[in-house]
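Following: one structure in structure tokens, then a few remarks.
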Amino acid sequence: MHEPSSRPDRRMFLRTAAVTGAAVALGGPTGPSVTAAQAAPGGFPDYTPVRTLLTPSRLKYNPTGEIIFPCVRGVYDKLSNPLGRYHLYYAPHDAPGGVCLAYGDSLEGPFTEYPGNPIVSNVWSPHYSVSHVSSPHVLWNADVREFWLYFHGGNTTTRLARSKDGVRFTYDKVVLSTSMMPAGTSETSYARVFRHDLPARGARYVMLFMMNNAGNRRAICWGWSADARNWTFDQAPLVRPSDVGAVNVGGPHLLTRGGSAYVVYNTDKGSGGNLMITEVGTDFSRRDHLGVFYDSRTTAPENGRAASPSFGTDGGVPYMVYEAGERLSGAIAVARGR
């Protein structure tokens, strides 16, 4: 994502709510006790950085010196003999990219790099040969008891692969491309898919993704599906960067709480480098921009930028795994909620 230098007030549009609780649960072993959650937008916990989980220079598979877009999934209750209780998916972005896997027994780490990385590469004959593949998001599809991997390759195309063990994947199909969006769209990438019922649309799944338009401004868009394979996409953005005083927005994630649904996403560093939150309602009819969800720290490893969050709980403790630092020169970090 291109990140210009304008930087508005980091707390603009902020509205807080005094409700307590945790983020989306993945389950896990007993973890440290936490105090009651403090007031935060949408009533979500405030998150405090804990540690860096993955640094490119310490990885065996490191073709470009950068990694992005973590996705953490609890697998201990889905696999009979897992590598670890949690899978952490991530990727370099620049060519050749490559979807990678690390595993561990706690969301606070440590995580061990899978020795067979990348588990998905930029050439998968006869299905595609592209400059790079990146931005892995894994959905546990309980309907078929499979791990469904959504990833982009290249920036114009989001693809789906499927797996029984979350390690070895079989290619399925293209699920999103620029041709499915308005004329002038140049990127449809960074997609995450969630189980979320939309009865009025006959849908059981929602996709959030980043779209780059003819004006080179990146927005959050969305689509819906009955089976998580065949999709309908809203042609209008769900969140425009101008809605929150940013040049670009990306890295969206869906959270649900208190009978409503929310989208958390990042702004470019020049526009604050923070995570923002918008309430969309259970039927995605609302557009209530609540402000800053997580205010990035100026110190390392964030250095003024947090992005592409993935959420879970471990022993009842909420966690956020995210990109920390300058785009394409950062690390994967974890923060604990309270």
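Everything numeric here is computed off the predicted structure, so don't read it as measured data.
Between Lys173 and Val175, some side-chain heavy-atom pair lies under the 4.5 Å cut-off. Residues Arg327 and Arg305 form a side-chain contact, since some pair of their non-hydrogen atoms from C-beta on lies under 4.5 Å apart.
Taking the six-membered ring where tryptophan is involved, the planes of Tyr150 and His137 are tilted, since the angle between them lies from 30° to 60°. Ring planes of Trp222 and Trp224: tilted class, angle from 30 to 60°.
The pair Arg145-Asp143 does not meet the salt-bridge criterion, since no charged nitrogen lies less than 4.0 angstrom from a carboxylate oxygen. Ion pairing of Asp172 with Arg162 is present here, as a side-chain N (NZ or NE/NH1/NH2) and a carboxylate O approach within less than 4.0 Å.
Counting only distance, with no hydrogens or angles, the side chain of Asp227 and the backbone of Asn230 share a donor-acceptor pair below 3.5 Å. Within the 3.5 Å criterion, the main-chain N or O of Ser121 finds no donor-acceptor partner in the side chain of Trp124. The backbone N or O of Pro199 sits nowhere less than 3.5 Å from a side-chain atom of Asp197 that would complete a donor-acceptor pair. Under the 3.5 Å distance criterion, the side-chain polar atoms of Arg218 are left unmatched by any main-chain donor or acceptor of Val249. No donor-acceptor pair under 3.5 Å is formed between the side chain of Asn117 and the backbone N or O of Cys100. In this structure, the side chain of Lys269 engages the main chain of Asn303 through a donor-acceptor pair within 3.5 Å. Between the side chain of Asp268 and the backbone N or O of Ser271 there is at least one donor-acceptor pair closer than 3.5 Å. With hydrogens and angles ignored, the 3.5 Å screen pairs no side-chain donor or acceptor of Asp46 with any backbone N or O of Arg338. Counting only distance, with no hydrogens or angles, the side chain of Arg217 and the backbone of Ala246 share a donor-acceptor pair below 3.5 Å. In this structure a side-chain-to-backbone donor-acceptor pair under 3.5 Å is missing from Glu108 to Val50.
Results of the side chain to side chain donor-acceptor pair (under 3.5 Å) test with His132 over Asn122, Asn155, Asp94 single out Asn155 as the only residue that passes. Phe311 pairs in a ring-ring contact (aromatic ring centres under 6.0 Å, His included) with only one of the listed residues (Phe194, Phe293, Phe44), which is Phe293. A side chain to side chain donor-acceptor pair (under 3.5 Å) with Glu187 is found for one member of Asn216, Thr178, Thr157, Asn212 and no other, namely Asn212.
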Please test Ser134 against His93 for side chain to side chain donor-acceptor pair (under 3.5 Å), starting from the C-alpha separation and ending with a verdict.
CA-CA 5 Å; Ser134 193; His93 179 270; 5.2 Å; no
After noting the C-alpha distance and the side-chain angles of Leu88 and Leu101, does the key distance pass the side-chain contact (heavy atoms from CB on, under 4.5 Å) rule?
CA-CA 6 Å; Leu88 175 56; Leu101 170 66; 5.9 Å; no
Step by step, work out the side-chain contact (heavy atoms from CB on, under 4.5 Å) result for Glu66 and Glu323.
CA-CA 11 Å; Glu66 46 84 20; Glu323 292 178 30; over 6 Å; no
One pair to check against side-chain contact (heavy atoms from CB on, under 4.5 Å): Leu290 and Thr278. What are the steps and the verdict?
CA-CA 6 Å; Leu290 302 182; Thr278 294; over 6 Å; no
Given side-chain contact (heavy atoms from CB on, under 4.5 Å), test Thr256 with His196 step by step and report yes or no.
CA-CA 9 Å; Thr256 56; His196 183 81; 4.0 Å; yes
Residue pair Tyr322, Glu302: steps toward the side chain to side chain donor-acceptor pair (under 3.5 Å) verdict
CA-CA 10 Å; Tyr322 62 105; Glu302 293 176 10; 2.6 Å; yes
Let me see the working for Arg286 and Glu279 under salt bridge (charged side-chain N to carboxylate O under 4.0 Å, His left out), right down to the final yes or no.
CA-CA 6 Å; Arg286 299 182 64 173; Glu279 185 174 5; 3.0 Å; yes
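Across Tyr265 and Gly250, no two heavy atoms sit closer than the pair CB-O, 3.3 Å. Residues Pro110 and Arg51 come closest through the heavy atom pair N-NH1, 4.0 Å. Residues Gly281 and Ser260 come closest through the heavy atom pair CA-OG, 3.5 Å. Considering every non-hydrogen atom in both Ser296 and Gly272, the closest pair reads OG-O, 3.6 Å. Annotation for Thr52 and Pro301: closest pair OG1-CG, 3.6 Å, computed over non-hydrogen atoms. The two residues Pro45 and Gly337 make their nearest non-hydrogen contact at CB-CA, 4.0 Å.
To the nearest 0.5 Å, the span separating OG1 on Thr156 from CE on Met181 amounts to 13.5 Å. With rounding to the nearest 0.5 Å, the separation of CZ in Arg204 from CG in Asn141 is 8.0 Å. Remark: Met320 CE to Arg336 CZ distance equals 12.5 Å, nearest 0.5 Å. Once rounded to the nearest 0.5 Å, the distance linking CH2 of Trp140 with CH2 of Trp148 reads 11.5 Å. Here OH of Tyr90 is found 11.0 Å from CZ of Phe111. Values are rounded to the nearest 0.5 Å. Atom CE of residue Met180 and atom SG of residue Cys221 lie 14.0 Å apart, to the nearest 0.5 angstrom.
Both tests hold for Arg85 against Tyr76: distance to the six-membered ring centre under 6.0 Å, angle to the ring axis within 45°.
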